[in-house]
**Q** 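Provided herewith is a single structure, encoded as structure tokens, for subsequent inquiry.
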Amino acid sequence: QVPLVESGGGLVQAGGSLRLSCAASGRTGTTYAMSWFRQAPEKEREFVAAISWNGGETYYTDSVRGRVIISRDNVKNTVDLEMNRLKPEDTAVYYCAVLSPGLPLNSATMTQQYNYVSWGQGTQVTVSS
């Protein structure tokens with residue numbers, strides 16, 4: 001278990017930007033692939049983006065590709081999600097999560113919530129039209 005704390009959520013108008021941050025406690029957080037998920041009201045939690053342990057690989061779900069950038073700083077133990085050109089349909093609680101060690105980061109593993117061993121408490125993003 002790696003304690004995770006998200007921050008940076010808020011209310012923004014459509015077309016605006018937000019930068020979410022996920023802080024991992026402890027040095028071990030830097031050696032894992034990590035992802036962002038989101039859960040909109042009355043919808044299931046869905047995968048948003050993932051990044052490999054060293055930042056060399058990034059992946060995005062189709063609905064955010066081109067508008068969102070995931071990045072990490074292994075010195076600060078943070079993983080950020082920069083979101084641009086936000087849309088009302090981006091409104092959700094955003095969660096960061098740590099992929100189970102030993103699992104490869106690929107399309108088969110990154111989207112499945114059961115492959116993640118630690119989750120943050122979430123940060124609310126609300127996009128007004």
Side-chain angles (χ1 to χ4, degrees):
Q1 291 280 339
V2 178
L4 303 171
V5 179
E6 302 96 336
S7 61
L11 173 64
V12 63
Q13 289 188 332
S17 299
L18 279 175
R19 188 179 185 96
L20 308 183
S21 187
C22 173
S25 297
R27 182 171 167 274
T28 54
T30 65
T31 62
Y32 301 153
M34 294 184 67
S35 295
W36 284 91
F37 284 74
R38 66 185 180 185
Q39 186 167 19
E42 301 182 356
K43 291 189 177 181
E44 293 187 356
R45 192 175 299 186
E46 64 174 358
F47 169 82
V48 177
I51 189 166
S52 60
W53 72 272
N54 63 357
E57 301 171 48
T58 57
Y59 302 88
Y60 302 93
T61 192
D62 287 345
S63 62
V64 305
R65 187 175 292 112
R67 301 189 294 120
V68 167
I69 300 173
I70 188 171
S71 61
R72 68 188 300 159
D73 184 330
N74 284 349
V75 174
K76 297 180 180 179
N77 287 355
T78 57
V79 174
D80 288 356
L81 192 71
E82 179 182 342
M83 302 190 296
N84 303 300
R85 303 194 302 280
L86 283 161
K87 304 175 182 180
E89 51 263 44
D90 294 318
T91 294
V93 178
Y94 284 71
Y95 301 88
C96 63
V98 174
L99 189 69
S100 180
L103 285 180
L105 181 65
N106 57 44
S107 59
T109 61
M110 70 179 75
T111 60
Q112 302 304 316
Q113 297 180 50
Y114 55 74
N115 287 327
Y116 291 83
V117 295
S118 293
W119 292 84
Q121 83 290 346
T123 186
Q124 175 71 47
V125 171
T126 303
V127 184
S128 62
S129 57

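Because only heavy atoms are used, hydrogens play no part in the values below, and waters and symmetry mates are left out as well, while side chains stay in. What you are looking at is a predicted structure, and each value in this text was computed from that prediction instead of being measured.
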**Q** List the atom of Ala23, the atom of Thr78, and the distance in Å for their closest heavy-atom pair.
**A** CA-CG2, 4.3 Å
**Q** I want to check something: taking the side chain as every heavy atom from C-beta on, are Ser21 and Asp80 in contact at a cut-off of under 4.5 Å?
**A** yes
**Q** Do Glu46 and Thr61 have side chains that get closer than 4.5 Å, going by heavy atoms?
**A** no
**Q** At their closest point, which heavy atom of Ala24 faces which heavy atom of Leu4, and how far apart are they?
**A** CB-CD2, 3.7 Å
**Q** What are the two closest non-hydrogen atoms of Ala14 and Ser129, and how far apart are they?
**A** CB-CA, 4.3 Å
**Q** Do the side chains of Trp119 and Val79 join up, straight or via other hydrophobic residues, at under 4.5 Å, putting them in one cluster?
**A** no
**Q** Assess the pair Phe47 and Tyr59: is the distance between their ring centroids shorter than 6.0 Å?
**A** no
**Q** Do the side chains of Leu86 and Val68 join up, straight or via other hydrophobic residues, at under 4.5 Å, putting them in one cluster?
**A** yes
**Q** To the closest 0.5 Å, what do you measure between CD (Gln113) and CE (Met110)?
**A** 14.5 Å
**Q** Drop me the distance from Ser52's OG to Asn106's CG, to the nearest 0.5 angstrom.
**A** 12.0 Å
**Q** Work out which heavy atom in Thr58 is nearest to a heavy atom in Gly55; give both atom names and the distance.
**A** CG2-O, 4.4 Å
**Q** Say whether Phe37 and Val64 are linked into one hydrophobic cluster, either directly or through other cluster members, by side-chain heavy-atom distances under 4.5 angstrom.
**A** no
**Q** Nearest 0.5 Å please: distance from the CE atom of Met34 over to the CG atom of Leu81.
**A** 11.5 Å
**Q** If you look only at distance, which donor and acceptor atoms sit under 3.5 Å apart when one is on a side chain in residues 94-101 and the other is two or more places apart or in another chain?
**A**
| from | atom 1 | to | atom 2 | distance (Å) |
| --- | --- | --- | --- | --- |
| Tyr94 | OH | Arg38 | NH1 | 3.0 |
| Tyr94 | OH | Asp90 | O | 2.6 |

**Q** Measuring from Asn115:CG to Ser35:OG, what's the distance to the nearest 0.5 Å?
**A** 9.5 Å
**Q** Side chain to side chain contact (heavy atoms under 4.5 Å, CB included) for Thr123 and Ser7? Distances and angles first, verdict last.
**A** CA-CA 6 Å; Thr123 186; Ser7 61; 5.6 Å; no
**Q** Checking the side chain of Asn74 only, and the main-chain atoms of Trp53 only, is there a donor and an acceptor separated by less than 3.5 Å?
**A** yes
**Q** Let's go through Tyr60 and Ile69 carefully: what are the C-alpha distance in whole Å and the side-chain angles of both, what is the deciding distance for side chain to side chain contact (heavy atoms under 4.5 Å, CB included) to 0.1 Å, and is it a yes or a no?
**A** CA-CA 8 Å; Tyr60 302 93; Ile69 300 173; 4.0 Å; yes
**Q** Go through Trp36 and Glu6 one step at a time and tell me if the side chain to side chain contact (heavy atoms under 4.5 Å, CB included) criterion holds.
**A** CA-CA 10 Å; Trp36 284 91; Glu6 302 96 336; 3.8 Å; yes
**Q** Would you call Gln124 and Thr91 a side-chain contact if the rule is heavy atoms closer than 4.5 Å?
**A** yes
**Q** Would you call Val117 and Val2 a side-chain contact if the rule is heavy atoms closer than 4.5 Å?
**A** no
**Q** Where do Met83 and Leu20 land on the side chain to side chain contact (heavy atoms under 4.5 Å, CB included) test, with the steps shown first?
**A** CA-CA 8 Å; Met83 302 190 296; Leu20 308 183; 3.9 Å; yes
**Q** Give the cluster check for Val48 versus Tyr116: same hydrophobic cluster or not, with ILVMFWY residues linked at side-chain heavy-atom distances below 4.5 Å.
**A** no
